Protein chains: 2
Amino acid sequence: MVKNCNFIEKLRGLGLRPTKQRVKMCEVLFNREKTFHFTINDLVKMISEEMNEKISLATVYNTVHAFEKKGYLKEITINSDKSYFDTNTSVHHHFYDEDTHELIDCDENDIDPVNIKKNITGKKINSVEVLVKVASDNQNQKKLN
Amino acid sequence: MVKNCNFIEKLRGLGLRPTKQRVKMCEVLFNREKTFHFTINDLVKMISEEMNEKISLATVYNTVHAFEKKGYLKEITINSDKSYFDTNTSVHHHFYDEDTHELIDCDENDIDPVNIKKNITGKKINSVEVLVKVASDNQNQKKLN
DNA sequence: AATCTACATTATAACAATTCTAAACTGTTG
DNA sequence: CAACAGTTTAGAATTGTTATAATGTAGATT
């Protein structure tokens with residue numbers, strides 16, 4: 001487990017002042033075994049529930065964007081509903097469950113490497129990301145409600 | 001050039017009443033040499049500028065979604081700001097130029113078919129989309145934004 | 001052709017996600 | 001510790017989109 005002091009160092013290293021709010025957010029986001037996906041709303045809930053802390057919504061937005069800009073978080077493109085973020089900043093693919101709106105990391109072995117045979121001239125490829133949208137296979141699904 | 005009458009037939013074939021508004025929108029969207037990408041706002045502008053016509057914003061949303069549902073338009077996932085649509089409904093992928101924020105269709109030959117080896121149990125795959133983010137090849141310059 | 005009705009259109013209200021504002025606060029530097 | 005630039009904050013504003021409810025219309029039925 002990473003201690004607060006390390007987050008302070010980490011933040012300084014990124015050129016971000018280690019404010020109370022930012023350190024708290026680091027704890028919520030990065031003091032974990034596994035990486036995960038979240039929306040701003042998820043994160044606000046986590047902060048208030050897990051940390052019993054109140055950070056202004058505007059600050060959560062500011063900080064998430066600051067982290068993203070520094071490459072400490074990654075935005076994932078799913079649908080135009082809302083923004084999703086990932087604490088796993090490596091290049092990897094996703095399944096998106098359209099029923100549950102759940103986002104699941106693809107295992108490295110789930111998808112063969114994507115082979116791009118031709119590129120835009122004068123451009124270099126920054127990332128190649130695959131989004132596999134899935135939904136319930138049940139055709140005769142009963143509508144409850 | 002496709003005549004109105006054909007759009008009327010086309011709409012009927014899709015199970016959509018060929019209203020004045022829908023036929024107008026077909027003309028703006030499909031009476032072209034090449035397919036293209038657009039936002040709702042783009043489309044509203046095109047309707048008023050190219051057709052000198054006024055269609056209610058709600059109708060534009062309704063109709064675009066109706067077309068999408070029938071497979072006459074395709075939604076593309078770029079970012080979460082707003083929805084983008086594509087008059088090219090075939091399965092294809094996109095290059096996204098991070099410098100110019102331009103979206104470019106991948107040619108069929110540009111990317112090999114993506115092979116998904118493992119799926120989520122009980123789910124069927126609805127779509128597989130690849131987004132290739134490219135940027136200037138010049139230097140190792142950081143994004144300035 | 002008049003009538004009927006389910007589907008469409010419309011302006012506007014409502015909504016949700018995000019950004020802006022401007023005042024108060026705080027980490028850092030000297 | 002003083003000064004200041006960077007940060008936080010609540011609330012307002014903005015943006016993209018969906019819901020509402022009254023009015024209009026395409027196409028079938030008479």
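Small disclaimer: the values here were computed from a predicted structure and weren't measured.
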Could you state the [atom1]-[atom2] distance from [X] to [N], rounded to the nearest angstrom?
{"X": "A/Glu9", "N": "C/dT28", "atom1": "CD", "atom2": "C1'", "result": "14 Å"}
{"X": "A/Asp42", "N": "C/dA16", "atom1": "CG", "atom2": "C1'", "result": "15 Å"}
{"X": "A/Ile55", "N": "C/dT26", "atom1": "CD1", "atom2": "P", "result": "14 Å"}
{"X": "B/Lys70", "N": "C/dA8", "atom1": "NZ", "atom2": "C1'", "result": "14 Å"}
{"X": "A/Leu11", "N": "D/dT7", "atom1": "CG", "atom2": "C1'", "result": "13 Å"}
{"X": "A/Met25", "N": "D/dT7", "atom1": "CE", "atom2": "C1'", "result": "13 Å"}
{"X": "B/Arg22", "N": "C/dT10", "atom1": "CZ", "atom2": "P", "result": "11 Å"}
{"X": "B/Asn62", "N": "C/dA6", "atom1": "CG", "atom2": "P", "result": "19 Å"}

Phosphate-side-chain proximity, B/Thr59 and C/dT10, N/O vs OP1/OP2 below 4.0 Å: yes
Any A/Gln21 side-chain nitrogen or oxygen under 4.0 Å from OP1 or OP2 of D/dT9: yes
Audit row: B/His37, B/Asn88, side-chain hydrogen bond (donor to acceptor under 3.5 Å, both in side chains) steps and yes/no: CA-CA 8 Å; B/His37 310 113; B/Asn88 177 359; over 6 Å; no
Polar contact flag, side-chain donor to acceptor under 3.5 angstrom, A/Lys124-A/Asn126: yes
Sequence-aligned protein contact record of nucleotides 14-30 of chain D, with B where the base is within under 4.0 Å of a protein heavy atom and S where only the sugar-phosphate is: --SBBB-----BBS---
Criterion side-chain hydrogen bond (donor to acceptor under 3.5 Å, both in side chains) on B/His92 and B/Asp107, from CA distance to verdict: CA-CA 7 Å; B/His92 66 288; B/Asp107 193 79; over 6 Å; no
Ring centroid separation B/Phe30 to B/Tyr72 under 6.0 Å: yes
Residues B/Glu108, A/Lys118: salt bridge by 4.0 Å N-O rule: no
Hydrophobic cluster (4.5 angstrom, side-chain heavy atoms) - remaining members for B/Tyr96: B/Ile76, B/Ile78, B/Tyr84, B/Leu103, B/Leu131
